[in-house]
Amino acid sequence: MVKAFGAVLATVVISATSASAKEIRPGDLLLCGARHCRAVTQPAQARGFASFLWGAGPTHRAPTPRGGSPFFQLRWTSGPVAAALTRTAIRVYGLNCGRFRRGRWYVLPRGLRGLTAGLEPKRLRVPVPRSC
């Protein structure tokens with residue numbers, strides 16, 4: 001009886017933990033430059049964005065890029081912009097506001113860098129749109 005209760009409790013805890021993280025599937029996100037967008041199609045990259053955006057691990061602040069700096073947009077395929085990103089930093093717009101603060105840039109995890117290779121960047125305007 002105690003073993004069965006323990007197994008049920010473990011299942012509930014695991015389910016609640018995995019349900020709290022948003023699932024991002026390959027093709028759910030687009031990386032957009034000045035003229036073109038490219039879908040995030042690799043499962044590891046989609047999981048990397050989900051883990052970064054909704055995970056429990058620490059996020060680290062990055063310096064705010066200067067006006068005119070090259071940047072890209074991270075968009076949902078359904079249309080809305082999720083974030084602005086440079087080669088090494090990301091600023092999240094309205095997602096998980098408990099994890100990300102308004103107007104702050106965060107270090108982009110190494111596994112998510114280089115995904116914009118071959119895209120022509122946009123230029124960062126001043127002021128940058130508000131987030132969270």
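The chain is numbered in sequence order, starting from 1. When reading the values below, keep in mind they use all heavy atoms of this one structure, side chains included, and skip hydrogens, waters and symmetry mates.
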Next on the checklist: With side-chain hydrogen bond (donor to acceptor under 3.5 Å, both in side chains) as the rule and sequence neighbours excluded, what pairs involving residues 75-85 come up?
Outcome noted: Q73-R75

Which atom pair, heavy atoms only, marks the closest approach of [X] to [Y]?
{"X": "G33", "Y": "F72", "answer": "CA-CD2, 3.8 Å"}
{"X": "T59", "Y": "F52", "answer": "CG2-CE1, 4.1 Å"}
{"X": "L124", "Y": "P65", "answer": "CD2-CB, 3.7 Å"}
{"X": "R99", "Y": "P58", "answer": "NH2-O, 4.3 Å"}

Next on the checklist: Go through it in stages, so that I can follow the logic: the residues are L119 and H36, the test is side-chain contact (heavy atoms from CB on, under 4.5 Å), and I'd like the CA-CA distance, side-chain angles, deciding distance and then a yes or no.
Outcome noted: CA-CA 7 Å; L119 287 176; H36 302 286; 4.2 Å; yes

Checklist entry - Same cluster or not: are L29 and L31 linked, directly or through other Ile, Leu, Val, Met, Phe, Trp or Tyr residues, by side-chain heavy atoms under 4.5 angstrom apart? => result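 Result: yes, single cluster for both.
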
Item to check | same_hphob_cluster(V92, L115) at 4.5 Å side-chain heavy-atom cutoff | outcome: yes

Checklist entry - Below 4.5 Å, heavy atoms only, C-beta onward: do V81 and L74 meet side chain to side chain? => result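 No, every pair of side-chain atoms sits at 4.5 Å or beyond.
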
Next on the checklist: I'd like to check I90 versus V107 (side-chain heavy atoms, cut-off strictly below 4.5 Å). Are they in contact?
Outcome noted: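 No. Closest side-chain heavy atoms not under 4.5 Å.
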
Item to check | From CG (D28) to OG1 (T41), nearest 0.5 Å | outcome: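 So the gap between those two atoms works out to 11.5 Å.
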
Item to check | Inter- and intrachain pairs under disulfide (SG to SG under 2.5 Å), touching residues 24-82, at least two apart | outcome: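 Every pair satisfying disulfide (SG to SG under 2.5 Å) with a residue in residues 24-82: C32-C37.
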
Item to check | Where at least one partner belongs to residues 34-45, residue pairs that pass salt bridge (charged side-chain N to carboxylate O under 4.0 Å, His left out), sequence neighbours excluded | outcome: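 Checked against salt bridge (charged side-chain N to carboxylate O under 4.0 Å, His left out) - neighbours excluded - the pairs reaching residues 34-45 are R35-E120.
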
Result block: side-chain N/O donor-acceptor pairs under 3.5 angstrom for residues 42-49, not counting sequence neighbours:
none

Checklist outcome for this item: Residues passing the side chain to side chain donor-acceptor pair (under 3.5 Å) test with R61, sequence neighbours excluded, are none

Item to check | Partner set under side chain to side chain contact (heavy atoms under 4.5 Å, CB included) for T88, not counting sequence neighbours | outcome: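 In terms of side chain to side chain contact (heavy atoms under 4.5 Å, CB included), with neighbours along the sequence ignored, T88 is linked to T86, R113.
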
Checklist entry - Crowded around R123 CZ? As in, over 12 foreign heavy atoms under 6.0 Å? => result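 Counting other residues, nucleotides and ligands, CZ of R123 exceeds 12 neighbours.
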
Checklist entry - Any donor and acceptor pair, going by atom type alone, linking the side chain of R91 with main-chain N or O of Y106 inside 3.5 Å? => result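 The answer is no, because no donor-acceptor pair under 3.5 Å joins these two groups.
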
Next on the checklist: Evaluate I24 against L53 for side-chain contact (heavy atoms from CB on, under 4.5 Å), listing each step before the verdict.
Outcome noted: CA-CA 10 Å; I24 297 177; L53 295 171; 4.2 Å; yes

